[in-house]
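Remarks on the structure that follows.
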Amino acid sequence: MSPLAIFFILLINSSLAANTNIYNVQNYGAKSDGKTDSSKAFLSACMGSSLGKYLIHNAYFNGQTCKSKAINIHIDGTLLAPSDYNVIGNDQNWIKFEKVNGVSIYGGAFDGQGAALWACKNSNKNCPDGTTALTFYNSKNIIMSGVTVQNSQKFQILVDGCHNVKLQGMKVLAQGNSKNTDGIHVKLSSGVSIMKSQIDTGDDCIAIGPGTANLWIEGIACGPGHGISIGSLGWKQQELGVQNVTIKTVTFSGTTNGVRVKTWIVMVYVKNPIIIDQNYCPNHDASCPQQSLGINISDVTYQDIRGASATKIAVNLIVA
């Protein structure tokens, strides 16, 4: 196997300086064979320099245990989840950063190896719900650049309860028939930007959940997938809304839906280019709240949208 360098570098002062500490995960017992579970080694080092592909069962990084407030992670290679979905399929997260401040991740790939679970779900068998590949929870000042996140069992990237997050130059990839594999799911977060990225998935390319504010999306290639979605909203009473979302320079190719937007958008063979559905209920599930008046929709503007619809109805407003 050709060498693949994985660098996890702790930067004490947010810059490469004489007091930079570098930790080698191989010194903590990591194996570069893509088969041996190296989770404990990565958690023990919290950062390092090594060679090869690494199998990671679960890894949770807590800001209260990492001493530095500025951690730069440089990856050239691939971190692999277990290919057997039963190993982590009932866990909420594969790799999780919680309560961290000032984490930057550059390059490399996170591979959730979720194809077997997708096949299980598509065959209507009794399957685990699946785990989210990469989660940032209650964190701030996060940067991801040039990173590939692919084949997650469930959501690819989850940004939950975070502030000041920049995702740029990303590749977020899953097959079009992979269920519930949102590319980037943002909720209860503010100051998030998603730019110059390719997102191919079986669900929403970008999902914008309750409590999201000041979200900037620009330069996105979306498709396959369900487009860019705000919601579902109104599932719970007293649920926080969504405000100040800007979406520009997005190309949708072969997606199910488009997006609500106020600037340039190109639609390429999209089945539902513009849709507002106040009676949304996936799979006609009996647990749906059965309320069509939970959300007041007003002041919606569609401007400068061009392209072609794959169906006769280009604009569909399903309201109470």
Side-chain angles (χ1 to χ4, degrees), residues 14 63 69-71 96-106 132 134-147 149 155-170 172 182-199 201 203-222 225-252 257-265 274-276 294-305:
S14 301
K69 292 185 178 180
I71 300 175
K96 181 179 181 180
F97 292 84
E98 182 173 359
K99 296 181 180 178
V100 297
N101 180 5
V103 170
S104 301
I105 303 175
Y106 301 97
T132 295
L134 188 58
T135 297
F136 294 94
Y137 180 69
N138 281 356
S139 299
K140 57 185 178 180
N141 302 319
I142 305 298
I143 297 175
M144 290 189 72
S145 180
V147 179
V149 181
F155 296 170
Q156 311 288 324
I157 300 172
L158 173 62
V159 178
D160 182 0
C162 296
H163 176 68
N164 192 23
V165 178
K166 297 180 180 179
L167 308 178
Q168 57 191 16
M170 303 288 294
V172 183
D182 287 357
I184 301 173
H185 192 108
V186 181
K187 66 176 184 178
L188 299 173
S189 299
S190 63
V192 178
S193 64
I194 305 169
M195 302 179 65
K196 298 180 180 179
S197 297
Q198 174 188 347
I199 306 176
T201 186
D203 209 292
D204 295 328
C205 291
I206 300 174
I208 305 164
T212 300
N214 303 323
L215 173 63
W216 188 279
I217 300 170
E218 181 177 0
I220 305 298
C222 169
H226 295 179
I228 297 177
S229 299
I230 296 178
S232 303
L233 299 177
W235 188 271
K236 300 178 180 178
Q237 292 185 359
Q238 307 300 321
E239 188 175 72
L240 294 174
V242 172
Q243 56 182 321
N244 197 18
V245 175
T246 301
I247 305 171
K248 61 183 298 184
T249 322
V250 176
T251 298
F252 296 91
N257 305 311
V259 70
R260 182 185 81 88
V261 68
K262 294 184 178 181
T263 186
W264 291 98
I265 288 292
I274 298 172
I275 181 169
I276 293 177
I295 296 295
N296 180 28
I297 300 175
S298 62
D299 298 327
V300 178
T301 301
Y302 299 97
Q303 180 178 335
D304 295 328
I305 299 175

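These figures come from a predicted structure and were not determined experimentally.
- Closest non-hydrogen pair, Glu98 versus Ser139, comes out as C-OG, 3.8 Å.
- With a 6.0 Å radius and a threshold of 12 heavy atoms from other residues, nucleotides or ligands, Glu239 has its CD atom above the threshold.
- Atoms NE2 and OG1, on His185 and Thr132 in that order, are 9.0 Å from each other to the nearest 0.5 Å.
- Remark: Ile220 CD1 to Ile206 CD1 distance equals 4.5 Å, nearest 0.5 Å.
- In this structure, the side chains of Ile199 and Gln156 stay at 4.5 Å or more apart for every pair of heavy atoms.
- Using a 4.5 Å heavy-atom cutoff, the side chains of Thr201 and Val172 are not in contact.
- At a threshold of 4.5 Å between non-hydrogen side-chain atoms, the residues Leu240 and Leu188 count as touching.
- Heavy atoms only, all atoms of each residue included: Ile142 and Phe136 are closest at CG2-CE2, 3.6 Å.
- At least one side-chain heavy atom of Leu134 sits under 4.5 Å from a side-chain heavy atom of Met144.
- Ser189 places no side-chain N or O within donor-acceptor distance of the main-chain N or O of His163, the cut-off being under 3.5 Å.
- Taking CG from Leu158 and CG from Asp182, the interatomic distance works out to 9.5 Å, rounded to the nearest 0.5 Å.
- Side-chain contact between Ile71 and Phe97 is absent, with no heavy atoms from C-beta onward closer than 4.5 Å.
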Practice item. Check the pair Phe155, Asp160 against side-chain contact (heavy atoms from CB on, under 4.5 Å), reporting the backbone distance first and the verdict last. Key: CA-CA 12 Å; Phe155 296 170; Asp160 182 0; over 6 Å; no
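- The two residues Met170 and Ile157 have their closest heavy-atom pair at CE-CD1, 3.7 Å.
- What you find for Cys222 and Gly227 is that their closest heavy atoms are SG-CA, 3.8 Å.
- How far CD of Gln243 is from CG of Asn214: 7.0 Å, rounded to the nearest 0.5 Å.
- In this structure, the separation between CG on Asn257 and CD1 on Ile275 is 5.5 Å, given to the nearest 0.5 Å.
- Going from atom OG of Ser197 over to atom CD of Glu218 covers 11.0 Å, rounded to the nearest 0.5 Å.
- Within the 4.5 Å cutoff, the side chain of Lys196 has no heavy atoms near those of the Gln168 side chain.
- For the pair Ile208/Val186, no side-chain contact is recorded, criterion being any heavy-atom separation below 4.5 Å from C-beta on.
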